[in-house]
Each structure stands twice: as C-alpha cells, then as structure tokens.
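All remarks here apply to the structure that follows.
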There are 2 protein chains.
Amino acid sequence: MSRTPHHPTREQIELPMVLDCLSDPIRLAIVYQLAQQERVSSELRCSDFSALSGKSNLAYHFAKLRDCGLMQTRVAGTNRFMRLRREDLEARFPGLLDAVLSSAAKDADRLPLLPECELVEVDRK
Amino acid sequence: MSRTPHHPTREQIELPMVLDCLSDPIRLAIVYQLAQQERVSSELRCSDFSALSGKSNLAYHFAKLRDCGLMQTRVAGTNRFMRLRREDLEARFPGLLDAVLSSAAKDADRLPLLPECELVEVDRK
DNA sequence: TCGATAGTTCAATAAACATTGAACATAGGA
DNA sequence: TCCTATGTTCAATGTTTATTGAACTATCGA
C-alpha cells in the first residue's frame, strides 16, 4: 500500500546500525557502487545491482540500507531509484561515510564484490 | 598453552570484520574507552571494563576485537593488558578509526554504554 | 602450600541474520 | 486487455551471534 517505503529521519540515524549495514560485503558493494556513480547520476535502479545477488536477496539488503538511513528509495512507475543519503550521513557522522568508502576503495581488489561495481551507463530521462 | 593470544598481522586486517566489530554496542564502548584512556595510558586491563558486561561475555568480545585486528592483548602475570592498534588501523584504513570514534563521541549520550566509560585512574607500574 | 584473583573455555540457549524460491503486486507497452 | 518487466513479501532453511553460568587454568602473595 505504501507508495514510498519507510525511511528514518536524519536524527533517527544510529551509528551501530550504520556500521552493521556497512559490514556486510553485499551492502558495502551497493553503497560503494552508489558512491561511484554519484558523479554521473545520483540514482541507480535495483536491477543495476544484479551482479551482486538475486532479486529477493537484494530487496532484503535494500530494506536494511533504507532502515539504517544509508540510502533512500524513490518509486517511479515500475522502477525504484536508490541514492545515498550523503548529506544526512555527513550531518550526523562527519567524515564517516568517506572514510569507509576510501577504505573500501583501497581494498577494492581484496573485497569480493567491489570489482563487479563497474560504472553503469546511465541514459534515462 | 599459547602465552600470547593470536593476533592478525597488519595486512590481514579486513574492513568488513572491523566494521562488524565496531557495530556492536559493547565492543564500540570497549574501543571508545581504550581511546579515551590513550592520553593517560595506552593500556587497560580486562577488569577495567567490568561496567560493560560480565567476565565471560567480555572475554568473548575481547576475542572478536583481537581477531579483527582492532586491539592487542599483552599477557602480564595474571593480567591482560589491552591496547588499540591505532597505527595498524591507520595504515590500513586511514581516518576510519577516528571517524568512528568522533561519531561515537558525538552520540555518546544516545549510545547506551558510552556514558559508563569514565576515565579510570591508572597508577600501575 | 593454600587461597584469592584474573581471565579463559565450554556448553546451552535464544535471537538475529543471510539466502533461496515461490507467490504476489504494480505499471507500461503491444 | 494481456503479457512482460520490475521489485517486494513470505515462508523455510541453516548459520552465526550474543549472553549466561559453571568449570577450568594460571599467577601472585601470604
């Protein structure tokens, strides 16, 4: 029924939940890929992550990433567009997201799923 | 038999394990307390954390913190002295530990166990 | 040598977690 | 209107996790 899934407010974002979310390799890869893509487009669709796992498993991880405040989902027709909640994260925990992302980038070849995170060509309206 | 418990080398420290370790409120409080204490003394004994949980549960969390490379245990007689592996963490993931610690400090009143982390008077030889 | 102190290890338990496939809902295009 | 594409939800499964208390080990000091 809910047009838009639930998201916590900025103030509701909690540090342990954020760290726990980022500690899962699939979720870290999702966040990493969203961050990679940010220069090109701030949003990606669920199907852009299909290299990482199956549909229903991804839906599970997307829900966790939303619940902890790391990303936001916008419903548009039959698609869901996801983007990082960069400003909210930065306001709550300054420097944290960038520190995690640069750590992940540094270890990209040692983290199982990051190499799959190639830039996706984005040409949607 | 092992005089000194096992610790990973600097290169063996893995990002997901570190983040997972820090996502637990008790372990985050242990790391936070170790960091607080650093100006005074770089080491604390297990019993200095007794406000956080029971002995055997603490031993469990200490083992996880050692296994992921966040801290080091030095055995001295009947005591174990723990300290943060700051330099190793900084070398592997620059800025990460400080970002987490300052995030925790910012939220200290919202994180259940951090207020218990008062400075402990250290006067041991 | 005895007793107290400091921690670890073990077994048991309950809760949370990740993963899978099947069923379902919704929107868009032929 | 039907078919297809996109994602979510649900139930089932097996794994990992945190927590507890009891038993154990090792060291220090009287």
Side-chain angles (χ1 to χ4, degrees), chain A residues 1-7 14 16-31 34 43-68 71-83 112-113 120 122 124-125, chain B residues 1-7 14 16-31 43-68 71-83 111-113 120 122 124-125:
Chain A
M1 293 297 103
S2 57
R3 274 323 75 235
T4 308
H6 169 261
H7 296 84
E14 304 267 9
M17 285 184 71
V18 169
L19 294 175
D20 184 48
C21 254
L22 294 170
S23 74
D24 179 274
I26 291 185
R27 291 192 294 260
L28 182 60
I30 292 170
V31 168
L34 276 169
E43 293 183 319
L44 283 177
R45 294 177 307 178
C46 298
S47 56
D48 291 324
F49 302 92
S50 56
L52 299 176
S53 186
K55 281 187 354 169
S56 68
N57 190 222
L58 283 177
Y60 165 75
H61 287 298
F62 291 147
K64 296 213 87 166
L65 286 164
R66 271 196 308 270
D67 288 348
C68 84
M71 63 176 224
Q72 200 169 37
T73 302
R74 177 173 67 88
V75 179
T78 169
N79 292 305
R80 266 83 170 165
F81 288 96
M82 348 279 276
R83 61 164 245 271
L113 297 164
V120 178
V122 181
R124 333 186 157 93
K125 41 169 48 78
Chain B
M1 292 301 101
S2 56
R3 280 312 85 231
T4 309
H6 169 261
H7 296 85
E14 304 266 10
M17 285 185 72
V18 169
L19 295 175
D20 184 48
C21 253
L22 294 169
S23 74
D24 179 273
I26 290 185
R27 290 191 295 261
L28 182 60
I30 291 170
V31 168
E43 293 183 319
L44 283 178
R45 293 177 306 179
C46 298
S47 57
D48 291 325
F49 301 92
S50 56
L52 299 176
S53 185
K55 279 182 5 163
S56 68
N57 191 221
L58 284 177
Y60 165 74
H61 288 299
F62 291 147
K64 294 212 89 164
L65 285 163
R66 270 196 309 271
D67 288 349
C68 84
M71 63 176 224
Q72 200 168 35
T73 301
R74 177 174 68 87
V75 180
T78 170
N79 292 306
R80 267 81 170 164
F81 289 95
M82 348 278 279
R83 61 165 246 270
L111 295 165
L113 297 165
V120 178
V122 181
R124 332 187 157 93
K125 40 169 47 78

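Quick note on labels: first sequence line is chain A, next is B, and so on, each numbered from 1.
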For [X] and [N], what is the distance between atoms [atom1] and [atom2] respectively, to the nearest whole Å?
{"X": "B/Leu28", "N": "D/dA18", "atom1": "CG", "atom2": "P", "value": "13 Å"}
{"X": "B/Phe49", "N": "C/dT8", "atom1": "CZ", "atom2": "P", "value": "12 Å"}
{"X": "B/Arg74", "N": "C/dT8", "atom1": "CZ", "atom2": "P", "value": "14 Å"}
{"X": "B/Met82", "N": "C/dG7", "atom1": "CE", "atom2": "C1'", "value": "10 Å"}
{"X": "A/Tyr60", "N": "C/dG21", "atom1": "OH", "atom2": "C1'", "value": "17 Å"}
{"X": "A/Met17", "N": "C/dA16", "atom1": "CE", "atom2": "C1'", "value": "13 Å"}
{"X": "A/His6", "N": "D/dT8", "atom1": "NE2", "atom2": "P", "value": "16 Å"}
{"X": "B/Lys55", "N": "D/dG21", "atom1": "NZ", "atom2": "C1'", "value": "12 Å"}

Quick check: do A/Pro5 and A/Val75 have side-chain heavy atoms less than 4.5 Å from each other?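 A side-chain contact under 4.5 Å exists here.
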Quick one: are A/Leu28 and A/Pro25 in side-chain contact, heavy atoms under 4.5 Å?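 No, side chains not in contact.
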Verify the contact: side-chain N or O of [X] to OP1 or OP2 of [N], cut-off strictly under 4.0 Å; return yes or no.
{"X": "B/His61", "N": "D/dT17", "result": "no"}
{"X": "B/Ser53", "N": "D/dA18", "result": "no"}
{"X": "B/Lys64", "N": "D/dT17", "result": "yes"}
{"X": "A/Arg45", "N": "D/dA5", "result": "no"}
{"X": "A/Arg80", "N": "C/dT26", "result": "no"}
{"X": "B/Asn79", "N": "C/dT5", "result": "no"}

As a test of reading the structure: which of [options] is closest to the side chain of [X], going by heavy atoms?
{"X": "A/Thr78", "options": "D/dT9, C/dG28, C/dG7", "result": "C/dG28"}
{"X": "A/Ala59", "options": "D/dA22, D/dT6, D/dT8", "result": "D/dT8"}
{"X": "B/Cys46", "options": "D/dT20, C/dG7, D/dT8", "result": "C/dG7"}

Describe the nucleic acid contact of [X] in one word from base, sugar-phosphate, nothing, applying a heavy-atom distance below 4.0 Å.
{"X": "A/Ser56", "value": "base"}
{"X": "A/Asn57", "value": "base"}
{"X": "B/Ile26", "value": "sugar-phosphate"}

task: Measure the CZ-CE distance between A/Arg66 and A/Met71 for me, rounded to the nearest 0.5 Å.
output: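 Spacing of CZ (A/Arg66) from CE (A/Met71) equals 6.0 Å.
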Interatomic distance, A/Asp24 atom CG to A/Tyr60 atom OH [nearest 0.5 angstrom]
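If I round to the nearest 0.5 Å, the distance is 8.0 Å.
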(message) Run the side chain to side chain contact (heavy atoms under 4.5 Å, CB included) test on B/Met82 and B/Phe49 for me, step by step, so that the C-alpha distance in whole Å, both residues' side-chain angles and the decisive distance to 0.1 Å come before the verdict.
(response) CA-CA 11 Å; B/Met82 348 278 279; B/Phe49 301 92; 4.3 Å; yes
Assuming nearest nucleotide by heavy-atom distance, tell me which of B/Ala63 and A/Ala76 is located more 5' along DNA chain C.
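Closer to the 5' end of DNA chain C: B/Ala63.
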Upstream residue (5' side of DNA chain C) when B/Phe62 and A/Asp24 are each assigned their closest nucleotide =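 Its nucleotide being nearer the 5' end, the pick is B/Phe62.
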Residue that, paired with A/Ile30, satisfies side chain to side chain contact (heavy atoms under 4.5 Å, CB included) out of A/Leu22, A/Leu58, A/Asp48:
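Looking at A/Leu22, A/Leu58, A/Asp48, the match for A/Ile30 under the side chain to side chain contact (heavy atoms under 4.5 Å, CB included) is A/Leu58.
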